[in-house]
2 protein chains.
Amino acid sequence: MLSKAAEYAIRSMVYIWMMNQKGTRPGYRTIAIEVGSPEHFTAKVLQTMTRFKLIRAGKGRGGGFYFENPEEELPVFEIIKVIDGNKFFSSCAFGFENCNCANPCPMHDEFMIIRDNYTEMVQKVTIQSMAEKIINGTASLNQNNIVSPSAT
Amino acid sequence: MLSKAAEYAIRSMVYIWMMNQKGTRPGYRTIAIEVGSPEHFTAKVLQTMTRFKLIRAGKGRGGGFYFENPEEELPVFEIIKVIDGNKFFSSCAFGFENCNCANPCPMHDEFMIIRDNYTEMVQKVTIQSMAEKIINGTASLNQNNIVSPSAT
DNA sequence: AGAATTAAAGACTTTTTTATCCACTAAACA
DNA sequence: TGTTTAGTGGATAAAAAAGTCTTTAATTCT
């Protein structure tokens with residue numbers, strides 16, 4: 001569904017936004033540790049975020065990543081588009097290149113509903129709405145300190 | 001979402017079922033041509049289907065692939081499980097290894113709905129229900145003869 | 001100016017997925 | 001029994017995704 005790169009991007013963006021709220025601009029080393037992602041790969045993914053202006057980056061001492069307009073709602077959709085492109089949002093579960101209502105695959109009607117609900121979902125969920133859940137304790141940003149069920 | 005292997009498997013299975021209805025047992029060469037999939041890769045995928053007893057294979061003259069009990073409804077879900085495993089059906093859009101209601105990611109509630117609807121869908125859609133659409137002309141098995149929008 | 005800090009960029013490696021090829025085996029049939 | 005037909009299985013290759021490393025550039029602080 002989502003590439004690892006997109007997952008890391010989303011987690012990182014939430015963390016950056018929350019730290020910005022606290023008045024700091026985290027660097028990719030810190031981000032990678034806090035969201036549980038590979039350091040250098042995270043750096044690369046954040047480069048892409050910066051290149052597409054979803055966040056800004058400051059170099060040197062006191063530098064790091066930050067949102068220019070933190071109050072502007074940023075849907076997860078925007079991050080996915082930048083990292084994975086928008087192939088999925090018009091994709092076909094049967095593997096057709098050009099599956100549509102005029103020339104549907106045998107799963108078209110059923111899959112279109114799922115796919116469109118997903119599209120709607122990632123447009124509705126934003127960095128801010130996710131950050132809020134983490135702040136009020138109804139969700140977490142990483143599972144670094146979770147004991148896996150198999151390890152109990 | 002689905003691997004190429006799973007897509008090819010699903011398309012092939014529908015074709016095999018339809019040909020069985022007509023009294024023939026197609027070979028992987030024919031199948032690959034008819035569903036528009038790479039020949040040798042399709043052979044591999046069908047081996048897996050055979051190994052897991054979803055279909056049977058006959059060698060030698062008059063051989064090919066066939067369903068032992070064609071009337072027994074086969075949900076797409078079964079094919080996906082054999083090829084891709086069932087990781088997706090409990091997966092997390094945020095990338096958590098063990099995302100659940102007790103320890104949710106910030107997208108958990110929203111994504112769980114999508115994911116579960118998808119699971120339900122692939123359990124409801126069967127090889128037979130798809131074949132029926134193709135037979136009555138409301139869907140097609142391949143897009144081999146479709147002119148792509150960009151090529152018009 | 002110089003040292004320290006931090007992101008940017010690009011090359012590189014590893015792993016996974018997708019795809020191909022060929023030798024082998026089993027079945028059918030003449 | 002020999003020939004043809006068709007799937008099986010293992011090796012290999014190519015491409016994409018995931019991850020790593022090193023150098024360079026920009027910024028800040030002293």
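Take A/Lys81 and apply the salt bridge (Lys or Arg N to Asp or Glu O under 4.0 Å) test, not counting sequence neighbours, and it matches A/Glu78. With sequence neighbours excluded, the residues satisfying side-chain contact (heavy atoms from CB on, under 4.5 Å) with B/Ala131 are B/Val14, B/Trp17, B/Met18.
Sorted by first and then second residue, the ring pair (Phe, Tyr, Trp, His ring centres under 6.0 Å) pairs with a member in residues 33-65 of chain A read A/Tyr8-A/Phe41; sequence neighbours excluded.
To the nearest angstrom, C1' of D/dA26 lies 15 Å from CZ of A/Arg56. Per the geometry, NE2 belonging to A/His40 stands 13 Å off C1' belonging to C/dA8, to the nearest Å. For the pair B/Met1 CE and C/dT17 C1', the interatomic distance rounds to 18 Å; values are reported in whole Å.
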How does each nucleotide of nucleotides 2-12 of chain D score, in 5' to 3' order, for protein heavy atoms under 4.0 Å: base (B), sugar-phosphate only (S), or none (-)?
--BBSBBBBB-
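Atom SG of A/Cys99 and atom CD of B/Gln143 lie 6.5 Å apart (nearest 0.5 Å).
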Side-chain donor-acceptor distances from residues 23-37 of chain A under 3.5 Å, at least two apart:
unit_1: A/Ser37; atom_1: OG; unit_2: A/Thr42; atom_2: OG1; d: 2.7

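Side-chain atoms of A/Ser129 never come within 3.5 Å of backbone atoms of A/Val125 as a donor-acceptor pair (strictly under, hydrogens ignored).
The ring of B/Phe94 has its center no closer than 6.0 angstrom to the ring center of B/Phe111. Ring pair B/Tyr118/A/Tyr118: centre-to-centre distance not below 6.0 Å.
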Which atom pairs link the protein and nucleotides 13-18 of chain D when you take only N or O atoms and keep those under 3.5 Å?
unit_1: D/dA18; atom_1: OP1; unit_2: A/Lys4; atom_2: N; d: 3.3

